Number of protein chains: 2
Amino acid sequence: MPIGFAPEDMMKLDGIVKNRRRIKQGDLLFSEGDPFTSLYAIRTGFFKTSVSSEDGREQVTGFQMAGEIVGLDGIVNDRHNCNAVALEDADVCIMPFSNVEELSREFPALQRHVHKIMSREIVRENTVMMLLGNMRAEERLAAFLLNLVQRLHARGFSKSEVMLRMTREEIGSYLGMKLETVSRTFSKFGDEGIIEVKQRYVRIIQPDALKKIFNPQVC
Amino acid sequence: MPIGFAPEDMMKLDGIVKNRRRIKQGDLLFSEGDPFTSLYAIRTGFFKTSVSSEDGREQVTGFQMAGEIVGLDGIVNDRHNCNAVALEDADVCIMPFSNVEELSREFPALQRHVHKIMSREIVRENTVMMLLGNMRAEERLAAFLLNLVQRLHARGFSKSEVMLRMTREEIGSYLGMKLETVSRTFSKFGDEGIIEVKQRYVRIIQPDALKKIFNPQVC
DNA sequence: CGGTAACTTTGATACAAATCAAACCTTCCC
DNA sequence: GGGAAGGTTTGATTTGTATCAAAGTTACCG
C-alpha cells in the first residue's frame, strides 16, 4: 500500500495484514453496530457503504474500489457506524487496527499515510456535502460520472467507458435523488449526445460537456 | 485535551501546543489553499468551516465550538481544503501537526485520541450526508437544533436555550436549504409551540416534538 | 428454456422548496 | 438621532424533483 519503504521495512509492514477475506456480491463486509477491529484494504471488487436512519431510510455514503480503505468509521466508537456491501465479488486484506497503530508508531511514513487516508475521506465527504447541498440533479450526476471514470482510469481502466456496478437507486441514494431522476438525467445526457447509456453501460462521449455541467463557471 | 495521562506525561504533552492565537469575529483562521502546518484546538469561540465551488457557491461543512479540532482537512494535500471563519471572537491552541505526529508515536493514548477525532469527523459527515440526501427541511432543522443544544449542554450551557452565532443563510448553507426556508421553518416551529424564536435567540419548549420531527419512527 | 424477479425507462401529476419581492428589525456609526 | 447596512420575516409565484403508474428490459433460477 504505502510506497517508499526500504525492503527490510516492507517485511515488517507485511505484519499489518492479518489475512484476507473473500466477499461475495451482495454480502456484507461489516454492518452498523458490528464491533470494530480492523480496517479493510480492497484488493479487488467494488463496495458501497451506507448508513441508515432509525426509520429505515438508507443513505449511500460512498462507493469504494480496489486500493481504497473501508472501516475508518469504526474507530471512534469501537463499533462500525456504516454498512459495507460488496457490489461485485471482492477480495480484501484484513488489517487489524491494533497492528496499524503499532506499526504506525514505528514507521513515521506509515503513520503519515494513515493520517492522509483519513483526511482524504474527510475532504471527499466535504465535496459530497457540496454536491448534496448546492448542486442540481444534472450537476450531481455529471460530477459522479467524472469522479468514477477518473478513479477507474487511475487504475488502468478506460476513461470513457464504465460498466456501472450499482443500481440507479444506489446512485440516487448517494446523490440525494430518486432513481427515476437518475434514469431521466442519464437519458437526458444521452439525448444530448454527451454520453451513451445502455442500462449499466455508460460511455462518455463529451467529457468537456460533463465538466461544464458540473462546473458552469469554468470551461 | 486527552485525559488519563500520568502527570509526567502531561508535561511532555504540553509540547504539542506551540502557542495560541486570537481570532476576531469574522476573521479567517485559515482558508482554502493555505499551506497546512497545524491543527487548531478551539479554546473559546465559535467557528464555521466551508468549501466553495469554482463558480463561487459556498457550502458550510460544519460549526465548531470550544474543545473541538479544526484543520484535519489539510493533512491529505498539505494544503487546507476549507475555510475556517470565527463567528465570534475566538481563541485557539496551535498544534503543529509534526508535533502531534511525533508525540503520537510516543504515546499510544494520544495516537488513539487523534485517530478517534478523525474518525468522529468522518462519522459526523456521514450523518450530514443522511440529512442532506434523505431528510426534508423540517427534519434537517430539527436535527440541527438538537445537535447544537446537545453539544452546548455538554459544555455546561443550557439545553433549552441558544443564542445562535450564525445567520439564517449559514444555517441554510449547512443544511442545504435557502435562508427563507430556514426562517419559515423556524416560524413554523414557533407557531406550533415547539420552540420560541426571536431573531438569533431560540428556546426549545418541546424537545420531544423536535425529536419526533427528526425521527418520525421512534417517539 | 421458460417464467419470474429485479431493475430501468418513460409519462403524468403533485408538492416541497426555490425564487422573486417587499417590509421589518437591529445594530452600528457618522 | 438619523440613516444605512446587514439580517430576518412573510407573501406570491415558479420550478425542479418526487411521486404515482405502467411498460420495457435483463438477469436469474428452477
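Because the structure is predicted, anything quoted here is derived from the model rather than measured. Proteins get letters first, then strands, A, B, ... in listed order; numbering begins at 1 in each.
- In this structure, the NZ atom of Lys188(A) is 17 Å from the C1' atom of dG11(C), given to the nearest Å.
- What separates CG of Leu175(A) from C1' of dG16(D) is a distance of 16 Å, to the nearest Å.
- Residue Ser183(A) has no polar side-chain atom (N or O) positioned under 4.0 Å from OP1 or OP2 of dT10(C).
- The CE-C1' distance, from Met166(A) to dC7(C), rounds to 15 Å in whole Å.
- For the pair Arg165(A) CZ and dC7(C) P, the interatomic distance rounds to 15 Å; values are reported in whole Å.
- Between the CZ atom of Arg168(B) and the P atom of dT10(D) there is a distance of 10 Å, given to the nearest Å.
- Panel note: side chain Arg165(A), backbone Phe46(A); no donor-acceptor pair is recorded below 3.5 Å.
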Could you go through Asp89(B) and Lys24(B), starting from their C-alpha distance and side-chain angles, then the distance that decides it, and tell me whether this counts as salt bridge (charged side-chain N to carboxylate O under 4.0 Å, His left out)?
CA-CA 4 Å; Asp89(B) 288 358; Lys24(B) 296 252 295 264; over 6 Å; no

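- Put simply, CG on Asn134(A) is 13 Å from P on dT17(D), counting in whole angstrom units.
- In this structure a side-chain-to-backbone donor-acceptor pair under 3.5 Å is present from Glu139(A) to Arg136(A).
- Between the OH atom of Tyr201(A) and the P atom of dA27(D) there is a distance of 15 Å, given to the nearest Å.
- Glu58(B) places no side-chain N or O within donor-acceptor distance of the main-chain N or O of Ser173(B), the cut-off being under 3.5 Å.
- Residues Val182(B) and Leu175(B) form no side-chain contact, since every pair of their non-hydrogen atoms from C-beta on lies 4.5 Å or further apart.
- Here Arg200(A) reaches the OP1 or OP2 of dT8(C): one of its side-chain N or O atoms lies under 4.0 Å away.
- A donor-acceptor pair under 3.5 Å links the side-chain atoms of Arg168(B) to the main chain of Gln199(B), judged by distance alone.
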How does each nucleotide of nucleotides 14-24 of chain C score, in 5' to 3' order, for protein heavy atoms under 4.0 Å: base (B), sugar-phosphate only (S), or none (-)?
---SSBB----

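- Spacing between atom CZ of Phe186(B) and atom P of dT9(D) amounts to 8 Å, rounded to whole angstrom units.
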